[in-house]
Amino acid sequence: MYGIDNLPYGVFSTTGTDRRVGVRFGDTVIDLSVTLRDDVFAQPTLNPFMAQGRTRWVEVRAAITDAIGADTVPADAVHPVESVTMHMPFDVADYVDFYASEHHASNLGRLFRPDSEPLMPNWKHLPVAYHGRAGTVVLSGTDIRRPSGQRKAPDQSSPTFGPSTRLDIEAEMGFVVGVPSSEPIGPDRFADHVFGAVIVNDWSARDIQAWEYVPLGPNLGKSFATSISPWVVPLLALEAARVSTPVQDPEPLEYLRESRSWALDIDLVVSWNGHEVSRPPYREMYWSPAQMLAHETINGATSRTGDLFASGTISGPEKNQRGAFIELTWGGKEPVTIGSETRTFLEDGDEVVIAASAPGANGSRIGFGDVRGRITGA
Ligand code: CA
């Protein structure tokens, strides 16, 4: 999972030392500030390195590979992974959350709007998204406090205020921009601007969301927390994972067309209190991440280093491939069994872990690690 074909980047510290950049190799973290003697890796975030661009990303990856292959990594640069503390890998500039799974969007349409078509008329013409809250993107392992807010069930005449009773997850992949741009980033320039990918859990309070989201989309039902995994897998490690999107019909407008798709064959696994409940397949996503970024920038919106955009909940066609509990339990009507207990939505003390992996070069597997979070009381 963490072989020579992966080499994901993260920010770490050891007891009494400053944060700096390392790569994961096997069960170790290699300190790049020591190994490559470049101050860009002595920084507390990946942003300065990500801003240097693809040519430099390729050079550094080759230098790390050479150092490992030639056994020239200094001994004081190697730390057992269990001895380090991981930190937020990058400063999040803006955060945009897409809605790119046809299965998820259809299921949510049926649950939220049972009397109309599951997919809205725009859905197959553009990657639908809303603008999320960058300031509450948190590192894996951060406790998630149950949000409070306004809720109104359909059979209630007026809203009430209190802790969310329908707290949920969204299993997603997120992509981080390295090289900024003041111009639209067409799909075929994706790899010149996007540095890599992380796993995202976009925590969602369904009761708050259902009451607030018309007509401008989700806000407080989502903005309390979004968790990301600590290791950023570079796009350079994901060539072997590239696949085609499902057939896009109608054909997208010109600015969304890719000459070779950036759809990715990533397998996710969702565990609830230690029990596997779902295996969302990223390859089923209708829109590729390159199409998402192309859409996000086509209106002239600029991109900054650290911009994060997430795919939206990943759900496949099968029930055990659904990446949100509202779908898995069909709005709470079909509880899932986890060990000796059943659940519909998250209870205080529950922990969710989302892991991911993908095919790598030379028959290897590329591990993304995992994103985890535990619910604490309101
Ligand atoms: Ca989401």
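Every number for a ligand or one of its atoms is a count from 1 in the order of the listing. Predicted, not measured: the structure shown is a model, and the values here were computed from it.
The closest side-chain donor-acceptor pair between R242 and S261, if any, does not fall under 3.5 angstrom. Side chains of E284 and Q321: no donor on one and acceptor on the other come within 3.5 Å.
Listed by first and then second residue, the ring-ring contact (aromatic ring centres under 6.0 Å, His included) pairs that reach into residues 78-98 are F12-H79, sequence neighbours excluded.
The ring-ring contact (aromatic ring centres under 6.0 Å, His included) test applied to H104 returns Y99, not counting sequence neighbours. Contacts of Y286 classified as ring-ring contact (aromatic ring centres under 6.0 Å, His included), with partners at least two apart in sequence or in another chain: W123.
Taking hydrophobic clusters as Ile, Leu, Val, Met, Phe, Trp and Tyr residues chained together by side-chain heavy-atom distances below 4.5 Å, L236 shares a cluster with I30.
Within the protein, the number of N, O or S atoms lying under 3.0 Å from the Ca ion (ligand 1) is 4.
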